[in-house]
Amino acid sequence: MASQYFQEMQESFKNNNKSREFAAHTAKVHSVAWSCDGRRLASGSFDKTASVFVLEKDRLVKENNYRGHSDSVDQLCWHPTNPDLFVTASGDKTIRIWDVRTTKCIATVNTKGENINICWSPDGQTIAVGNKDDVVTFIDAKTHRSKAEEQFKFEVNEISWNNDNDMFFLTNGNGCINILSYPELKPIQSINAHPSNCICIKFDPTGKYFATGSADALVSLWDVEELVCVRCFSRLDWPVRTLSFSHDGKMLASASEDHFIDIAEVETGEKLWEVQCDSPTFTVAWHPKRPLLAYACDDKEGKYDNNREAGTVKLFGLPNDS
């Protein structure tokens, strides 16, 4: 018997399953993220810029394009409680903090390597950035100085604090999740999560679960307290690149090179919906208050519309009559 929530959300998506696309960049989009209040969406691209949109009713209106990086913007994230600040990680060996009120870069922090992963601590005080040489640098968000630096002996893929801010998680190339105490950065545990490369990790807003996506095409759901795997989602056939929990923690979107985004009910693992795509999906992000999913796909392969899709950001969950 499907849960009431499941039925309500299916009903909701039957009336709100439209996707719209919005021009954001001149090359493919690597990362999308919502501000904590859900008013803005930021995107980072291979074209070396970040773009910020304002969500107005059922559309994204481009507010600004942020230039300054001299290489691809691989990942970005917003301050956890201040809706005006976001930070970008780039292959140009810097991270930049931006303020949407002034549309200026308020800090450029030089780092040792080409940056690929970034996250902001839940208390807003620290930014962690990981580079291609598997070094994670912890930067004080106020002074913009490095507080600590850790070199790992394994391939670091994605990094995240837990919601309580007292543990730091890394997914690695050997299929493990490494957990460090924070701020001490002492190893607490290493979990063998997947038989192959463990790519992405996300914590649900309620703090009950985290999910990991792997090259084995599986998504696994973990109990934060017990650190045990609760269930697996196995509808994708390709390496899972990106994950996002809905604002209530009850839905999990996951995506890969498959031409659809899987939306699962977290408590049962059942498929609630799937969003059709024309190409692989790089990044997904649920809105922090509404069942709206932002995502970005690879450029279309095709003779005629070669550049039409390059650099667009998409929004799913819009009313069918909009």
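Residues in residues 184-208 take part in these ring pair (Phe, Tyr, Trp, His ring centres under 6.0 Å) pairs, two or more places apart or across chains: F169-F203, F203-F210. Among residues at least two apart or in separate chains, there is no ring pair (Phe, Tyr, Trp, His ring centres under 6.0 Å) pair with a member in residues 228-248.
Checked by atom type and distance alone, the side chain of N65 pairs as donor or acceptor with a backbone atom of A50 at under 3.5 Å. Listed for the N115 side chain is no donor-acceptor partner under 3.5 Å among the backbone atoms of I118. Between the T88 side chain and the V73 main chain, no donor and acceptor come within less than 3.5 Å of each other. Side-chain N or O atoms of S196 include one that pairs as donor or acceptor with a backbone N or O of D216 at under 3.5 Å. Judged by distance alone, with hydrogens and angles left aside, the side-chain atoms of T312 form no donor-acceptor pair with the main-chain N or O of A23 at under 3.5 Å.
Residues F46 and F22 fall into different hydrophobic clusters, defined by Ile, Leu, Val, Met, Phe, Trp and Tyr side chains chained together at heavy-atom separations under 4.5 Å. Residues V52 and L76 do not share a hydrophobic cluster, defined by chaining ILVMFWY side chains whose heavy atoms lie under 4.5 Å apart. A single hydrophobic cluster is seen to contain both M9 and W286, as judged by linkage of ILVMFWY side chains at heavy-atom distances under 4.5 Å, directly or through other members. Residues V32 and F53 fall within the same hydrophobic cluster, defined by Ile, Leu, Val, Met, Phe, Trp and Tyr side chains chained together at heavy-atom separations under 4.5 Å. Residues L41 and L318 share a hydrophobic cluster, clusters being chains of Ile/Leu/Val/Met/Phe/Trp/Tyr side chains in contact below 4.5 Å.
Ionic pairing of E114 and K93 is not present here: no N-O contact between side-chain nitrogen and carboxylate oxygen is shorter than 4.0 angstrom. Using a cut-off of 4.0 Å between Lys/Arg side-chain N and Asp/Glu carboxylate O, R101 and D99 are scored as salt-bridged. Ionic pairing of K208 and E267 is present here: one or more N-O contacts between side-chain nitrogen and carboxylate oxygen are shorter than 4.0 angstrom. A salt bridge does not link R145 to D140: none of the charged side-chain nitrogens sits closer than 4.0 Å to a carboxylate oxygen. We find that R235 and E274 are not joined by a salt bridge, their nearest charged nitrogen and carboxylate oxygen being 4.0 Å or further apart.
V54 places a side-chain heavy atom less than 4.5 Å from the side chain of R39. The shortest distance between side-chain heavy atoms of Q75 and E158 falls below 4.5 Å. In this structure, K147 and P183 have side chains that are not in contact, with every pair of non-hydrogen atoms separated by 4.5 Å or more. Between P80 and C36 there is no side-chain heavy-atom pair separated by less than 4.5 Å.
A side-chain donor from one of S220 and T212 sits under 3.5 Å from a side-chain acceptor of the other. Side-chain contact annotation: H30 with S45, donor-acceptor N/O pair under 3.5 Å absent. For the residue pair N197 and E155, a side-chain donor N or O sits within less than 3.5 Å of a side-chain acceptor on the partner. Using a 3.5 Å distance cut-off with no hydrogens or angles, the side chains of Q7 and E11 do not pair a donor with an acceptor. A donor-acceptor contact under 3.5 angstrom links the side chains of D248 and Y5, judged on distance only.
When the ring-ring contact (aromatic ring centres under 6.0 Å, His included) test is applied to F168, the partners found at least two apart in sequence or on another chain are F138, W161.
Ring pair W98/H69 is perpendicular by interplanar angle, where above 60° counts as perpendicular and below 30° as parallel.
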